[in-house]
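One structure below.
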Amino acid sequence: MAPLVMELAAHPKIESLCCLTGQHREMLDSVMEIFRLRADYDLDIMEQRQTLSKITTKTLLGMDGVLEEARPDLILVHGDTSTTFSGALSAFYHQVPIGHVEAGLRTYDKYSPYPEEMNRVLVSRLADLHFAPTRANAENLRREQVQGEIFVTGNTAIDAMRTTVRPDFRFSTELLNTLDFAHRRVIVVTCHRRENYGAPMENIMHAIADVVAGHPDVEVVYPVHLSPAVRQCVFGILGQTPRVHLIDPLNVEEMHNLMARCCLVMTDSGGLQEEAPALGKPVLVLRKETERPEAVAAGTARLAGVERDEIVRLAGQLLDDPAEYGKMARAVNPYGDGHACGRIVQAIAWHFGLDEQRPADFA
């Protein structure tokens, strides 16, 4: 949302306010600093080991005061988190129109990803303006006969990379400054989805160890999520594995620059499936299904699943076959051209009669 906040602030006829829930404080603060943003409201909901119910109720209660004071004409929420759903539900309770950024992604399995699939489905029933990254996302919404206007905008995450990626970038994690990206093949790994907890995550960790063992020139950089369940599994299996570097989570700027220098991304994250292809990096998706099938269809990503042997096979295929690797690295990213925020702001202005022209859909 950071580039969209900046784009809104630049529009002469729009007054925009920024509200944070305060979840994942360390990562949040770094994003605000990188993009030089200031929050008008901060709900500060974060506490250790909080449940989904607590996240939802604390956000709802916090948003009551914000919406009563600000009395906005529109509230924007992003993606599929529980705070996204809570923000939209609060807006509905206050009869404030809702704009949903990154709308229309679907797996049609309510428990995968969990709880994200149902969060975004429920937001779609509440929203008045739907900003879909791709045509396929827009078609999902049309099939569901959602109310309101649907716009195809591209994804704002691609816009953010125009600000963050630099050839002279230096990492705050000194290890990353010492890695030989020119002569070693570095794989970036992230894995933190709730549906992968337990046996699936253990399979993934063992597969990573196998890939490294089978390729002496490969190193893995894994920024490990702060969730205790994730860290226990990851460090328990990979903690002593040579050439596997387990580091603390990176801010968005560092993550983008790390991906720009790596050879391959293995992830169960949603956003990285869009961001890595923008940098020409193949993606192996460590999940049974993805709400981003456009990446698979375009050839920028492959669904690796959560079984050890299959992950090892697909990673080996990319590492051992230059033609296979080149085919994925050169595929066109279907998720955006870096101008999603401009389309979203124009759509908002058009909706409120501030602009005579509806934005053209991203193709």
Side-chain angles (χ1 to χ4, degrees), residues 1 4-5 7-8 11 13-17 19 21 56-57 59-60 63-64 66-68 70-111 113-157 270 291-294 335-336 340-363:
M1 288 290 266
L4 181 54
V5 172
E7 191 87 19
L8 286 164
H11 196 287
K13 296 182 179 179
I14 294 176
E15 177 190 2
S16 62
L17 300 171
C19 176
T21 61
T56 303
T57 53
T59 303
L60 274 174
M63 286 299 295
D64 275 346
V66 172
L67 294 178
E68 286 165 8
R71 303 184 67 82
D73 300 293
L74 178 73
I75 180 172
L76 295 174
V77 296
H78 176 275
D80 53 21
T81 64
S82 295
T83 53
T84 296
F85 168 59
S86 305
L89 184 59
S90 179
F92 169 70
Y93 285 163
H94 289 263
Q95 298 187 35
V96 175
I98 300 155
H100 186 196
V101 180
E102 198 184 68
L105 282 67
R106 297 289 186 270
T107 65
Y108 297 104
D109 178 346
K110 71 178 182 179
Y111 291 114
Y114 170 82
E116 289 84 359
E117 176 71 4
M118 284 310 299
N119 283 338
R120 58 191 172 218
V121 169
L122 293 167
V123 173
S124 292
R125 308 313 301 186
L126 297 169
D128 303 273
L129 302 176
H130 308 263
F131 304 114
T134 71
R135 286 180 178 176
N137 300 150
E139 285 305 313
N140 290 339
L141 295 168
R142 293 187 183 105
R143 280 196 299 272
E144 294 168 18
Q145 298 182 327
V146 301
Q147 296 183 15
E149 291 280 347
I150 300 170
F151 305 87
V152 182
T153 62
N155 198 299
T156 59
E291 61 283 270
R292 291 167 170 84
E294 299 90 348
Y335 291 112
C341 295
R343 293 186 185 93
I344 292 171
V345 172
Q346 186 181 350
I348 293 169
W350 176 79
H351 175 76
F352 285 104
L354 305 177
D355 195 316
E356 294 182 357
Q357 190 168 354
R358 191 186 199 275
D361 282 350
F362 163 68

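Just so it is clear, the values below take in all heavy atoms, side chains as well, and ignore hydrogens, waters and symmetry mates.
Inter-residue side-chain proximity for Leu67 and Ser90 is flagged as met; some heavy-atom pair is nearer than 4.5 Å. Proximity of Trp350 to Glu149: side-chain heavy atoms (C-beta onward) are separated by under 4.5 Å at one or more points. Side-chain contact check for Leu8 versus Ile348: some heavy-atom pair is nearer than 4.5 Å. Within the 4.5 Å cutoff, the side chain of Val146 has heavy atoms near those of the Leu141 side chain. Considering only heavy atoms from C-beta on, Phe131 stays 4.5 Å or farther from Thr156 through its side chain. Counting heavy atoms from C-beta outward, Met1 and Val101 have side chains that approach closer than 4.5 Å. Under the 4.5 Å side-chain criterion, counting only non-hydrogen atoms from C-beta, Asn137 is in contact with Glu294. Side-chain contact between Pro133 and Leu105 is present, with at least one heavy-atom pair separated by less than 4.5 Å.
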* Begin with the C-alpha distance, continue with both residues' side-chain angles, and end with the deciding distance and a verdict on side chain to side chain contact (heavy atoms under 4.5 Å, CB included) for Phe151 and Arg343. => CA-CA 8 Å; Phe151 305 87; Arg343 293 186 185 93; over 6 Å; no
* To do: Decide yes or no on side chain to side chain contact (heavy atoms under 4.5 Å, CB included) for Thr59 and Phe85, but give the supporting numbers first.
  => CA-CA 9 Å; Thr59 303; Phe85 168 59; over 6 Å; no
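Closest approach of Pro72 and Val96 over heavy atoms only: O-CG1, 3.7 Å.
Residues meeting the side-chain hydrogen bond (donor to acceptor under 3.5 Å, both in side chains) test with Asp80, sequence neighbours left out: Arg120.
When only modelled atom types and interatomic distance are considered, Thr83 and Ser86 share no side-chain donor-acceptor pair under 3.5 Å.
With hydrogens and angles disregarded, a donor-acceptor distance shorter than 3.5 Å links the side chain of Arg292 to the backbone of Gly270. For the pair Gln346 (side chain) and Gln357 (backbone), a donor-acceptor distance under 3.5 Å is present. Between the side chain of His130 and the backbone N or O of Gln147, at least one donor-acceptor pair lies under 3.5 Å. For His78 (side chain) and His100 (main-chain N/O), no donor-acceptor pair under 3.5 Å exists by modelled atom type. Judged by distance alone, the side chain of Asp361 and the main-chain N or O of Val152 form a donor-acceptor pair under 3.5 Å.
For CG of Asp73, the number of neighbouring non-hydrogen atoms (other residues, nucleotides, ligands) closer than 6.0 Å is 12 at most. In this structure, Arg106 places its CZ atom where more than 12 heavy-atom neighbours from other residues, nucleotides or ligands lie under 6.0 Å away. In this structure, Arg71 places its CZ atom where only 12 or fewer heavy-atom neighbours from other residues, nucleotides or ligands lie under 6.0 Å away. At most 12 heavy atoms of other shown residues, nucleotides or ligands fall within 6.0 angstrom of atom OH in Tyr111.
Screening Ile14, Ile98, Leu129 for a side-chain contact (heavy atoms from CB on, under 4.5 Å) involving Leu74 leaves a single residue, Leu129.
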